[in-house]
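Okay, so here's the structure we're looking at.
Every chain is numbered from 1, with letters handed out A, B, ... down the list of sequences. Everything numeric in this text was worked out from a predicted model, so none of it was measured.
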Amino acid sequence: MTNAWGDIKHADLVVVMGGNAAEAHPCGFKWVVEAKAHRGAKLIVVDPRFTRTASVADFYCPIRPGSDIAFLGGVINYLLSNDKIQKDYVKAYTNATFLVKPEFGWSEGLFTGYNEEKRDYDRSSWDYQMDEQGFARVDETMTDPRSVFQLMKQHFAIYTPELVERVCGSPRDKFLKVCEMISECSSPTKTMTSMYALGWTQHSKGAQNIRGMAMVQLLLGNIGVRGGGMNALRGHSNIQGLTDLGLLSNMLPGYLNLPTEKEKDFGTYMSTRGFKPLRPGQTSFWQNYKKFFVSFQKSMWGDRATAENDWAYDWLPKLDVTYDVLRTFELMNQGKVTGYFCQGFNPLMTFPNRGKITAGLAKLKWLVTMDPLDTETSRFWENHGEFNDVKTADIQTEVFQLPTSCFAEDEGSIVNSGRWLQWHNAAVSPPAEARSDVFIMAGLHLRLKELYLKEGGAFPDPIVNLRWPYAQPEEPSAEELAKEMNGQALSDVFDPTDPTKVLVQKGKQVDTFAQLRDDGSTASFCWIYAGCFTEAGNQTSRRDTYDPGDTGLAPRWAWAWPVNRRILYNRASSDVSGKPWDESRKLVWWSGERWTGYDVPDYGPTVKPEQAVGPFIMNPEGVARLFTRGMMRDGPFPSHYEPFESPVANVINPKIRGNPAARIFKADLEALGSPDQFPYVGTSYRLTEHFHQWTKHVWVNAALQPEFFVEISEELAKEKGIEKGGWVRVWSNRGSLKAKAVVTKRIKPLMVDGRPVHVVGIPQHWGFIGKTKKGHNPNSLTPFVGDANIETPEYKAFLVNIEPTSAPAVA
Amino acid sequence: MTIGEVSRRGFLKAAGVGVAGTTLGAMGFGGAEQAMAQAVRPFKLARMTETRNICPYCSVACGVIMYSLGDRSKNTRSALMHVEGDPDHPTNRGTLCPKGAALLDFVHAETRLKYPMHRKPGSDTFERVSWDFALDRIARLMKDDRDANFQTTNKDGLTVNRWTSVGFLAASATTNETGTLTYKVMRSLGTLPFDNQARV
Ligand code: SF4
């Protein structure tokens, strides 16, 4: 989220597309209800199903799963061709004025530089024209045909209401009504918010779905303002935190990158991270990259990371490829993975193409699960009839099932969708012998360290020298770790403008990342968290409900990264002169001497408006990017691609299957189904009564939603002879499952490219352990392919077939 | 003082204690209330220990208050009795959805794991083991594989120091502090197949 849950009450229009907040985020959705009740806000829902969010919407428009870019492209085209944009904002705060290289282009569904064999682009032409000083050329009038603005107009011109109707199955009049409602928010005093979740991410072009709406929001001037923003609702309680901390194959904490093997030394690594401003006078905050990197290395290896050894650069592993979960399970299937840990994770019930997941786990020598609950993954070797049909004796995997504490027994901070770090305390002790994850991880580290000290072995240096300054080495406390995330001075830190002045004394916690240094005098595990635990104490446990201006931002409740800022890019809430676009919804403004307001300014506090520093200070451009240069693998603008399994061909270029830049392994390509055998579109989702596969262990929730089902339209039921509540078999080219049929008016066939397309809705909350009846999950069916940029699997649009059947044998 | 100025829970708590010790008169009520107060049973949660927590499910991250019996002194075990929405919390303001409202049963689920368990290759059952057995053996298995498969340089002779034959899937609901320690331990080993729910 760029904004906060409580801020949604300031919106004039809420667009829920790619999510179902009323059911999946109920207590957050109340802020939409608040906006409707007290501000007269309108709610639009665009979704393949008439969800409960849709049931309270002012306007609902159906859409075929996997066609969001065509829809959003249509909205962008509408805004541009009807001149419904916030022009001053677009001109000053986005790269619409920037000129793009003459070689860049797009034709027949592909951008310049495509290599079909590699399924990848040479992205060198996706960039600005540069002048002699290395600055990007701009045209303030935005009329130059090479300006981003004109290129955008041209790129989206094909997304006419006719095309939208043909591709998305959204009736033209409904689509146009949505456009009209959205376009009203181009006024500086009207704001729209976008609320989305996994309905947008779980596609082979998920990142571009989100880009599509981000562009809409920039064109409307809705980023950085109250009641606006791009609000990713986020599925899990601390998924934001674990992302911030970089628990991903290719990341370091705080959105720094793990080096690749091409970056052979620290100098090479840093050489591409200069982040020189691309326009005169811009901040380009990432120029501080080295300070954050060195402080991280000091946090890992303390005294052993020195200037002489390039801050232990060689102690970090170097990537050849990214080992995302899809690649890892592919390698497992190839027999290249020996052991695997699942910490609070149940891949057998969640990862795509369950058959491949089972086969992979069975090839492991060993598997370790760490979970408060008995997961299916930890029992993947156990036979449960139709629900887990494996040959136990043949599975040679050694399995450890380690019992861990749950939230009620644990303390620490977790990060909500609004980037607030909130501390929680333990009320009780874990049951029987269950222990914390920290106990397990520390136990493994200490044992490995001892083994390496005793026996030697492969490259022990980063292990035996890992900084471990904890009072109780076997189980470091949450407080110690929180202080480590924040960071401290390892020696006195001086004021750069006055070297006699000590800013932070040796041994003290830093207050902000501005105090971090690249000379080894500071350590900070995660620079964006600097400020969460200072000398003033644990900021994440603050509980003051003070809320000046009734902004809903609660600045003294918990702590938000970065620097307790609640709305990102908030400088953009005021015009170029520093005056709020909307006085009634002012957020951050220029007082004549400094930037002030209800939030911590996302800007230099005393930078005068006439200095014309852009509000997007992290970007070297100083402005937001409508055109993303070469930063995304599949294009600088979103372009419509069909899902890898689609009932129709891509109308722009029928030869393109799926996202042309998405990676797909050979066996998985062969496992794709075609519409003649699998004519229906499958999609997955959550129910309000359940949380993934956790709550099937919970008596109350199991009673509320006891049994697996699929949802289909009355029309499809009739066509297939399926009865309400009858058993059906649903199968894809990868797997098959049985379920009860819920025949509903909530799903209707859509007319796509002249013929009806039926959707089969498959919720995902079952398994073979817990209080509910045994059941399946969509992952038995879904394809093993992910988003081109981040490899999120395509769970939201795939092909299935369906027929009536008999009840499964009781396991 | 009027009721409006007291938070709901504050009022209930004060009222509960009041009945046990003094009377509601101490809160500014007249004699009529006093008679009624004597007939009212003490508010059950007044004797509980309150602990602030956050719902572990979705990222709305609703504030919850957990009520437990026991004072959390050493050598005693507390028992969780009730979980409800935190009325002071700026996001949920006391509300919980059907998931959060049933958290007590999550903590007490029959299928909560209690002991480290081990399944031998080919076996059809888990056997209970000690923590030392489990951690010693896992550390041994990790080291044996790391020593066998760790790559110091790539084919071009460049330093890569990576380990790709053991993977780690991190959680989505553990704390930042757990995430930090997990990161330190796994990255210091050179682990590259390292991911979490964010990508899924
Ligand atoms: S109570 Fe419901 S809405 Fe609130 S955090 Fe929990 S799951 Fe999300």
Side-chain angles (χ1 to χ4, degrees), chain A residues 5 25-28 234 236-237 239 241-243 245 247 261 264 314 317-318 323 325 328 338-345 374 392 396 399 401 403 407-408 412-413 416-417 424-425 427-428 432-433 437 441 443 445 447-448 451 457-458 462-463 466 478 481 554 557 689 691 697-700, chain B residues 51 53-54 56-57 59-62 66 68 78 80 90-92 95 97-99 102 105-107 109 111 113-115 117 119 121-122 124 135 139 143 145 147 150 158-160 162 165-173 175-182 185 188 190 192-193 195-198:
Chain A
W5 284 107
H25 301 86
C27 300
R234 308 235 60 168
H236 293 237
S237 61
I239 201 56
L242 289 152
T243 313
L245 291 163
L247 279 87
E261 62 186 5
K264 60 177 175 20
D314 284 346
K318 307 294 179 295
Y323 293 81
V325 291
T328 304
T338 311
Y340 201 58
F341 288 84
C342 295
Q343 179 189 46
F345 214 134
D374 198 355
T392 303
Q396 293 301 306
V399 183
Q401 189 195 48
F407 77 103
S413 60
N416 76 359
S417 355
H424 67 259
N425 297 100
V428 285
E433 287 186 10
D437 292 73
M441 296 315 297
H445 169 70
R447 282 169 173 80
L448 283 161
L451 288 173
I463 305 166
L466 189 65
L481 290 163
W557 182 279
E689 295 83 1
F691 185 82
H697 295 264
V698 179
W699 208 85
V700 173
Chain B
T51 311
N53 210 305
I54 305 289
Y57 295 134
S59 316
V60 176
C62 295
M66 299 188 294
S68 55
S78 303
L80 190 65
T91 308
N92 64 309
T95 60
C97 81
K99 298 169 281 272
D105 282 356
F106 172 79
V107 179
T111 33
L113 299 175
K114 296 178 184 67
Y115 304 100
M117 303 297 262
R119 182 241 180 200
D124 63 358
L135 296 179
K143 180 162 191 291
D145 184 72
D147 286 348
F150 190 81
L158 299 173
T159 305
V160 294
R162 65 184 169 225
S165 49
V166 163
F168 194 101
L169 199 49
S172 55
T175 61
N176 292 323
E177 291 71 23
T178 300
T180 296
L181 199 78
T182 302
V185 172
S188 65
L192 285 184
D195 237 341
N196 77 69
Q197 187 85 35

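Interface remark: A:W699 contributes backbone and side-chain atoms alike to the contact with chain B (heavy atom separation under 4.5 Å). Residue contact with chain A, scored on non-hydrogen atoms closer than 4.5 Å, involves the side chain of B:D145 exclusively. For a residue to count as touching a neighbouring chain, one of its non-hydrogen atoms must lie under 4.5 Å from one of that chain's; by this rule B:L158 touches chain A with the side chain only. Contacts between A:T328 and chain B at a heavy-atom distance below 4.5 Å involve the side chain alone, from C-beta outward. Proximity to chain B (any heavy atom under 4.5 Å) is restricted, for A:A554, to the side chain, taken from C-beta onward. The part of A:L466 that comes within reach of chain B is its side chain, from C-beta onward, which places non-hydrogen atoms under 4.5 angstrom from that chain.
Put simply, CZ on A:F345 and CZ on B:F168 are 11.5 Å apart, with the number rounded to the nearest 0.5 Å. Note that OG1 of B:T182 and CE of A:M441 are 4.5 Å apart. Values are rounded to the nearest 0.5 Å. Distance check: B:L192 CG to A:K318 NZ gives 9.5 Å after rounding to the nearest 0.5 Å. Residue B:T159 holds its OG1 atom at 5.0 Å from CG of A:D314, rounded to the nearest 0.5 Å. Considering CG of B:N196 and CD1 of A:I239, their distance stands at 4.5 Å, rounded to 0.5 Å. Rounding to the nearest 0.5 Å gives a distance of 11.5 Å between CH2 of A:W5 and CG of B:N92.
Applying the 6.0 Å contact sphere to NZ of B:K143 captures more than 12 heavy atoms from other residues, nucleotides or ligands.
Of all the heavy atoms in B:S172 and A:L242, the pair that sits closest is CA-CD1, 3.6 Å. Taking both residues in full, the closest heavy atoms of B:F150 and A:A458 are given as CB-CB, 3.7 Å, listed atom of the first, atom of the second, then distance. Nearest approach of A:I463 to B:S188, heavy atoms of both residues: CG1-O, 3.5 Å. Residue B:A102 comes nearest to A:V698 through the heavy atom pair O-CG1, 3.6 Å, listed as atom of the first residue, atom of the second, then distance. Residues B:G190 and A:P317 share a closest heavy-atom pair of O-CB, 3.5 Å.
Inter-residue side-chain proximity for A:F691 and B:F106 is flagged as unmet; no heavy-atom pair is nearer than 4.5 Å.
Annotation: maximal heavy-atom pairing with chain B below 4.5 Å, among A:S413, A:G339, A:G443, A:A478, occurs at A:S413. Among A:C342, A:S417, A:G28, the residue with the largest count of heavy-atom pairs under 4.5 Å with chain B is A:S417. Among the candidates B:A171, B:A61, B:A139, B:C97, the residue making the largest number of heavy-atom pairs closer than 4.5 Å to chain A is B:A171. Between chain A and the options B:P98, B:G122, B:P193, heavy-atom pairs under 4.5 Å are most frequent for B:G122. Top candidate by heavy-atom pairs under 4.5 Å with chain B, chosen from A:D437, A:V700, A:T338, is A:T338. Top candidate by heavy-atom pairs under 4.5 Å with chain A, chosen from B:T91, B:D124, B:V107, is B:T91. Of the listed residues (A:P26, A:P403, A:G241), the one with the most heavy-atom contacts under 4.5 Å to chain B is A:P403. Of the listed residues (A:H25, A:R234, A:Q343), the one with the most heavy-atom contacts under 4.5 Å to chain B is A:Q343.
Applying the side chain to side chain contact (heavy atoms under 4.5 Å, CB included) test to A:E433 and every residue at least two apart in sequence or in another chain returns B:Y115, B:P116, B:R128, B:W131. Under the side chain to side chain donor-acceptor pair (under 3.5 Å) criterion, B:T178 pairs with B:T175, sequence neighbours left out.
Without hydrogens or angle criteria, B:N53 side chain to A:F407 main chain gives a donor-acceptor distance under 3.5 Å. The backbone N or O of B:S59 sits nowhere less than 3.5 Å from a side-chain atom of A:N416 that would complete a donor-acceptor pair. B:D195 places a side-chain N or O within 3.5 Å of a backbone atom of A:V325 that can act as its donor or acceptor partner. Side-chain atoms of B:S78 never come within 3.5 Å of backbone atoms of A:V428 as a donor-acceptor pair (strictly under, hydrogens ignored).
In this structure, a donor-acceptor pair under 3.5 Å is absent between the side chains of B:T51 and A:N425.
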